[in-house]
Each structure stands twice: as C-alpha cells, then as structure tokens.
Amino acid sequence: MAAGLDPSGRLPAVFTTPGTSSFTEFLSMAAPELLPGRRPLPAGASAEVGPHATTIVALTCADGVVMAGDRRATMGNLIASRDIEKVFAADAYSLVGIAGTAGVGIELMRLFQVELEHYEKIEGAMLSLHGKANRLATMIRNNLGAALQGLAVIPLFAGFDVDAEDPGHAGRIFSFDIAGGVYEEKGFDAIGSGSLFAKSALKKRYRAGVSLDEGVRLAMEALYDAADDDTATGGPDLIRKVYPVVMTATAEGSRRLTDEEAGEVAEAVVRDRMENPGG
C-alpha cells in the first residue's frame, strides 16, 4: 500500500492516536527507516563516502554563549566544500554544532530541531536546557551502529538557560561522546580535528565573565589557531569572503552574526596576526 495508506485514503492509526511528545520516538513507530541510525548500510567501513566537518568551538559569556564553526569540509586529503555550515540554532535559546560525517550530522541536527519544536507543541512548554541535551544524547546513541561503520557524528550543544537563578551564569555547554554520553563543560569546549589547537588557544585567553563581543573575538581567534595547525580546518577566506559561522544565545534569543559582522571580526584577527604571526 503506497505511503502506508489504506484503500479509503485514511492515515494509519499511529498518526491519529495521541502519543509521545518525542518526534524521534513517533518516527520510530511510523517510519523507522527514515531515522538515520536505522538505515541499512553495506558491510565494511563507510567513513570515506561523505565529507567530514570540523571544527566547532563554544564558550560561555556574561550574557550567554557563543558558538562558532569553520566552513571547511574534507574528503581525505581533498577539500570537499569551502562554505559548509555546521552551526545552527536548535531553538530560540540554544545552539548546536556538528563534527564528523557532514551529511549524517546535518540530518541529525535537523531532526533535533523538529524534536524540540514537536515537544513544545505537544506539551505546551519548552524543554529545560539539560532536557534538550539529553534528547540530543539519545539521538546520538541511536546512531551508534552507523558510527561503528565510520559514519560518526559528534555534536556540541550550548544555550542560554532560561531557568537559571543567576542570569550571569545562564550560559551552559554540553559535549557528547560517540555512545551518547552527555557531559557539561565549564567555560569553553571544542570538537573536531582542530579542537586540540582551538582549546589550547582558549586556555590562554579565556576568562570567566567575558562580554559577548569578547567571546566572539576569542572564538574567531581559536578557529584561526586551529586552521593554522590542522589542515582539515578552514581559516577565514578573505579572497572569497567566506568567514566562520558565529552564533550567540542570550536572554534575547539565538542570533547569527551577519557575514559583514563575522567578516569584520575575522579581518581584524588576520590583521593582528600579520603583525605577530606566531600568535
């Protein structure tokens, strides 16, 4: 029967029966083959069948959080894309960035956005920030089979906690492992092949309570340092005017810096490094 419809054209009962507030759980009952982690894969490793995305950094500020990601995707030693986007708004107050297999990561991120929107519509309330992180952890855990065949995705999640008692400490960051473990990070974190260099840069420059503008600058410098030492991470491309994606989440909501704003910060970082190439 086409699309699972009966001859009368009515929707299957799963679509009309009141059920879960989790869209992922609903999809596992209605059409499990549409979930990324439930698709059959050929035997063997599949790591090289799609581009890989790196690097993402996030840090907490006095007003919330900043998250930024470079724009390069690679396939082995080739640059697959120079302008891929890896940082997105998960909802009004949270951000998510992905590293790993780009296609699977972007699909999981879109599913996560629908998951949060579906929950809010069904329950009439927004999930807590920690609840959102746990939902994302479950989705990563469900992708473990594909990850073991090389199609791994690791996200970085951050947001403004609207339930925080102290607005000055409302910015929170969560990291994940390949098996779906979720961990809250303090101050800053990074994922992807350039994460070692990005975190090393932030260790020397980051201070608790930095302003949002300072946080944007620190994130841009961390990505520059990552690109300086990691070939899979792309630095600011001044010729093509391709700059890192930079987003913030504050009490006023999530926001993406315009290309002009990101370009202004990126060009300032490059100018300063021309005077002091070593950092």
For this session: Could you name each residue pair satisfying side-chain hydrogen bond (donor to acceptor under 3.5 Å, both in side chains) that touches residues 173-182, not counting sequence neighbours?
Result: S175-E185, D177-Y183
Exercise. Taking C-beta and beyond as the side chain, do M75 and H52 meet within less than 4.5 Å on heavy atoms?
Worked result: no
Problem set entry | R141 charged N/C atom sitting above F176 aromatic ring, 6.0 Å / 45° | no
Problem set entry | Ring geometry between F160 and Y93 (parallel below 30°, tilted from 30 to 60°, perpendicular above 60°) | tilted
Problem set entry | For Y119 against M126, the heavy-atom pair lying closest together | CE2-C, 4.2 Å
Problem set entry | Main-chain N/O of T258 paired with E261 side-chain donor or acceptor, under 3.5 Å | yes
Problem set entry | N-O pairing of K241 and D259 below 4.0 Å | no
For this session: Please test D83 against R71 for salt bridge (charged side-chain N to carboxylate O under 4.0 Å, His left out), starting from the C-alpha separation and ending with a verdict.
Result: CA-CA 5 Å; D83 58 359; R71 304 290 293 275; 5.1 Å; no
For this session: Taking the side chain as every heavy atom from C-beta outward, state whether V265 and V246 have any atom pair closer than 4.5 Å.
Result: no
Exercise. Donor-acceptor pair, Y206 side chain versus T60 backbone, under 3.5 Å?
Worked result: yes
Problem set entry | Inter- and intrachain pairs under salt bridge (charged side-chain N to carboxylate O under 4.0 Å, His left out), touching residues 228-239, at least two apart | D237-R240
Exercise. So do V104 and M109 actually touch side chain to side chain, heavy atoms under 4.5 Å?
Worked result: no
Exercise. Hey, is R271 close enough to E275 for a salt bridge, meaning N to O under 4.0 Å?
Worked result: no
Exercise. How far does CZ of F157 sit from CZ of R135, to the nearest 0.5 angstrom?
Worked result: 12.0 Å
Exercise. Are the side chain of R72 and the backbone N or O of T231 linked by a donor-acceptor pair below 3.5 Å?
Worked result: yes
Exercise. Transitively linked via ILVMFWY side-chain contacts under 4.5 Å: L95 with I84?
Worked result: no
Problem set entry | Main-chain N/O of I173 paired to E184 side chain as donor or acceptor, under 3.5 Å | no
For this session: Check the pair L111 / M139 against side-chain contact (heavy atoms from CB on, under 4.5 Å), numbers first and verdict last.
Result: CA-CA 9 Å; L111 184 60; M139 295 173 66; 3.5 Å; yes
Exercise. At their closest point, which heavy atom of L59 faces which heavy atom of G215, and how far apart are they?
Worked result: CD1-CA, 3.5 Å
For this session: Taking all non-hydrogen atoms of both residues into account, name the closest pair between M67 and G97 and its distance.
Result: SD-N, 3.5 Å
Exercise. D91 side chain to S94 main-chain N or O, any donor-acceptor pair under 3.5 Å?
Worked result: yes
Problem set entry | Inter-residue atom distance N142.CG - L108.CG, 0.5 Å rounding | 9.0 Å
For this session: I would like to know whether F88 and R110 meet side-chain contact (heavy atoms from CB on, under 4.5 Å); could you show each step before the answer?
Result: CA-CA 9 Å; F88 307 87; R110 297 294 186 197; 3.9 Å; yes
Exercise. Is atom CD of E123 surrounded by more than 12 heavy atoms (other residues, nucleotides or ligands) closer than 6.0 Å?
Worked result: yes
Problem set entry | Rounded distance [0.5 Å steps], CG in D161 versus CZ in R172 | 5.0 Å
Problem set entry | Close side-chain approach of Y224 and V270, heavy atoms under 4.5 Å | yes
Exercise. What closest approach, in Å, do G159 and A249 show between heavy atoms, and which atom pair accounts for it?
Worked result: CA-CB, 4.3 Å
Problem set entry | Side-chain touch D189/L156, heavy atoms, less than 4.5 angstrom | yes
Exercise. Can you find a heavy atom in the side chain of T55 that is under 4.5 Å from one in the side chain of I191?
Worked result: no
For this session: Taking all non-hydrogen atoms of both residues into account, name the closest pair between E267 and Y243 and its distance.
Result: OE2-OH, 2.8 Å
For this session: Begin from the C-alpha positions of E260 and E264 and carry the test side-chain contact (heavy atoms from CB on, under 4.5 Å) through to its verdict.
Result: CA-CA 6 Å; E260 291 74 18; E264 184 177 340; over 6 Å; no
Problem set entry | Minimum side-chain heavy-atom gap E214-R207 below 4.5 Å | no
For this session: Compare every heavy atom of V269 with every heavy atom of E221, then report the nearest pair and how far apart it is.
Result: CG-CG2, 3.8 Å
Problem set entry | Side-chain donor or acceptor of S254 paired with backbone N/O of T250 under 3.5 Å | no
Problem set entry | Remaining members of the apolar cluster that contains L223, side-chain heavy atoms under 4.5 Å | V57
Exercise. Does D225 pair with R273 as a salt bridge, N-O distance under 4.0 Å?
Worked result: yes
For this session: Could you give me the CA-CA distance, side-chain angles and deciding distance for F174 and K132, then say whether side-chain contact (heavy atoms from CB on, under 4.5 Å) is met?
Result: CA-CA 10 Å; F174 297 89; K132 296 171 189 177; over 6 Å; no
Problem set entry | Beyond-backbone contact of I98 with I56, side-chain heavy atoms, under 4.5 angstrom | no
Seminar exercise, completed: Value for CG (D213) from CG (L218), rounded to nearest 0.5 Å, stands at 11.0 Å
